[in-house]
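Down below is the structure, laid out as structure tokens.
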Amino acid sequence: MEETTKPIPSLYEWAGGMPAFEVLFTKFYDKVLQDPLLEPVFKHMSPEHRQHVAHFVAEVLGGPTLYSDTDDGSHFKMISKHLSKHLTQEHRKRWVELLLETADEISLPDDPEFRSAFVAYLEWGTRIAVINSQLDNVNIDDQEPMPNWGWGVPGGPYMG
Ligand code: HEM
């Protein structure tokens, strides 16, 4: 019998699509505003912040291009939002810790393949945010494409 190979879903699809990202970042920023270290950093965030970050991360992980199109964002614009914020490694570590705690609470897929790819992206993205937050000007081209994160070495989700 001929074997049919299932197409590999994007990280976005495997995570549960846009509703999963919207719930993740809504609950995450609720926690951020309760956190003594992060609250001062985010207390003036815009009302759209949660949705913009949800759209950005969803797009990077293979979802629709809502951040680029609907939100009029770009990689350049995301980077410019972090300029001169002087974020520290302590801020970054707490940000990652609270996001992963939220991911568990909302039952985001926890297979080793998905989580290793997701954590790798968060490590990369948050370290870039800290580096850029020490700068006063963006040092990349304003046409720089959005990052596109994939499964890495495991190549796809856990299939049992
Ligand atoms: C993967 C990592 C990250 C991504 C994808 C990300 C994404 C974004 C995006 C898309 C915006 C713009 C939101 C908007 O248009 O309203 C933004 C703004 C911002 N981000 Fe990040 N970010 C990351 C990491 C961090 C970290 C680690 C911190 C600090 C601990 C941080 C602090 C901020 C702040 C303070 C703003 C501006 C908020 C405002 O005043 O509206 N970000 N980020």
Side-chain angles (χ1 to χ4, degrees), residues 10-106 108-110 113-152:
S10 63
L11 293 166
Y12 165 83
E13 288 167 321
W14 189 253
M18 200 56 82
F21 288 93
E22 285 180 347
V23 172
L24 176 66
F25 283 100
T26 300
K27 290 189 183 296
F28 166 67
Y29 284 109
D30 285 347
K31 278 183 192 288
V32 162
L33 292 178
Q34 298 297 319
D35 184 86
L37 182 62
L38 292 182
E39 190 272 345
V41 177
F42 287 95
K43 64 182 174 190
H44 299 303
M45 69 181 163
S46 71
E48 303 82 31
H49 183 93
R50 296 162 195 243
Q51 197 182 43
H52 285 177
V53 179
H55 287 173
F56 182 92
V57 174
E59 184 169 339
V60 170
L61 301 186
T65 55
L66 295 187
Y67 185 72
S68 298
D69 298 337
T70 318
D71 302 337
D72 193 29
S74 63
H75 197 219
F76 178 91
K77 285 192 183 165
M78 186 279 280
I79 286 176
S80 58
K81 295 280 183 179
H82 295 101
L83 293 179
S84 314
K85 297 274 193 264
H86 302 290
L87 303 173
T88 64
Q89 285 300 328
E90 285 67 37
H91 291 129
R92 186 191 75 77
K93 284 182 207 163
R94 183 69 57 80
W95 195 99
V96 173
E97 182 188 351
L98 292 183
L99 190 63
L100 293 177
E101 196 177 287
T102 316
D104 286 340
E105 284 169 12
I106 69 159
L108 209 67
D110 64 357
E113 288 77 359
F114 175 77
R115 285 302 178 97
S116 65
F118 190 51
V119 168
Y121 168 64
L122 295 178
E123 276 293 307
W124 183 75
T126 57
R127 284 174 188 276
I128 292 209
V130 171
I131 291 170
N132 287 320
S133 77
Q134 316 307 322
L135 307 175
D136 296 324
N137 295 295
V138 189
N139 57 5
I140 63 160
D141 193 89
D142 64 358
Q143 297 303 310
E144 180 94 9
M146 289 282 282
N148 185 0
W149 209 263
W151 288 95

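Both ligands and their constituent atoms are indexed starting at 1 by order of listing. What you see is a predicted model; the values in this text were computed from it and never measured.
A perpendicular orientation is assigned to the rings of Trp151 and Trp14, their planes being inclined by more than 60° (bins at 30° and 60°). Using bins of under 30°, 30° to 60° and over 60° for the plane-to-plane angle, the ring pair His75/Phe56 lands in the parallel bin.
Listed by number with element, the atoms of ligand 1 under 4.0 Å from a non-hydrogen atom of His91 are 30 (C). Taking every non-hydrogen atom of Val41 and a distance limit under 4.0 Å, the qualifying atoms of ligand 1 come out as 35 (C). Using a 4.0 Å cut-off to heavy atoms of His52, the atoms of ligand 1 that qualify are 13 (C), 14 (C), 15 (O), 16 (O). Counting atoms of ligand 1 from 1 in the listed order, those under 4.0 Å from a heavy atom of Ser46 are 16 (O), 41 (O). Remark: ligand 1 atoms within the under-4.0 Å shell around heavy atoms of Leu87 are 28 (C), 29 (C), 31 (C). Within ligand 1, counting atoms from 1 as listed, the ones closer than 4.0 Å to a heavy atom of Ala129 are 24 (C), 25 (C). In the vicinity of Lys85, heavy-atom distances shorter than 4.0 Å reach the ligand 1 atoms 35 (C), 37 (C).
With respect to the salt-bridge test (charged N to carboxylate O, under 4.0 angstrom), the residues Glu144 and Lys77 do not qualify.
In this structure, the protein non-hydrogen atom closest to atom 18 (C) of ligand 1 is His49 CE1, 3.3 Å. Ranking the protein heavy atoms by distance from atom 34 (C) of ligand 1 puts Phe42 CE2, 3.8 Å first. Protein heavy atom in closest approach to atom 12 (C) of ligand 1: Lys81 CG, 3.5 Å. Nearest protein heavy-atom contact of atom 39 (C) of ligand 1 is Met45 CA, 3.6 Å. Among all protein heavy atoms, the one lying closest to atom 10 (C) of ligand 1 is Met78 CG, 3.5 Å.
Counting heavy atoms only, Trp95 comes closest to atom 27 (C) of ligand 1 of the residues Phe56, Trp95, Trp149, Tyr121.
Residues Arg94 and Val32 have side chains not in contact (no heavy-atom distance under 4.5 Å, counting atoms from C-beta outward). By the 4.5 Å heavy-atom criterion applied to side chains, Leu33 and Tyr29 are not counted as neighbours. Between Leu135 and Leu83 there is a side-chain heavy-atom pair separated by less than 4.5 Å. Under the 4.5 Å side-chain criterion, counting only non-hydrogen atoms from C-beta, Thr126 is not in contact with Leu99. Counting heavy atoms from C-beta on, the side chains of Met18 and Leu66 come closer than 4.5 Å.
Contacts between Val130 and ligand 1 below 4.0 angstrom, taking non-hydrogen atoms only, are absent altogether. Heavy atoms of Arg94 found under 4.0 angstrom from ligand 1: none, in either backbone or side chain. Neither the backbone nor the side chain of Lys77 has a heavy atom within less than 4.0 Å of ligand 1.
Residue Lys31 qualifies as enclosed at atom NZ: its count of foreign heavy atoms under 6.0 Å is above 12.
Taking the six-membered ring wherever Trp is involved, the centroid distance between the rings of Phe118 and Trp149 does not fall below 6.0 Å.
Looking only at N/O/S atoms, His82 comes nearest to atom 21 (Fe) of ligand 1 through NE2.
The shortest N or O to N or O distance between Arg92 and ligand 1 is not below 3.5 Å.
Under the 3.5 Å distance criterion, with hydrogens and angles disregarded, no donor-acceptor pair is assigned to the side chains of His49 and Ser46. With hydrogens and angles left out, the side-chain atoms of His82 and Asn132 include no donor and acceptor closer than 3.5 Å.
Within a 4.0 Å radius of atom 4 (C) of ligand 1, the protein has no heavy atom.
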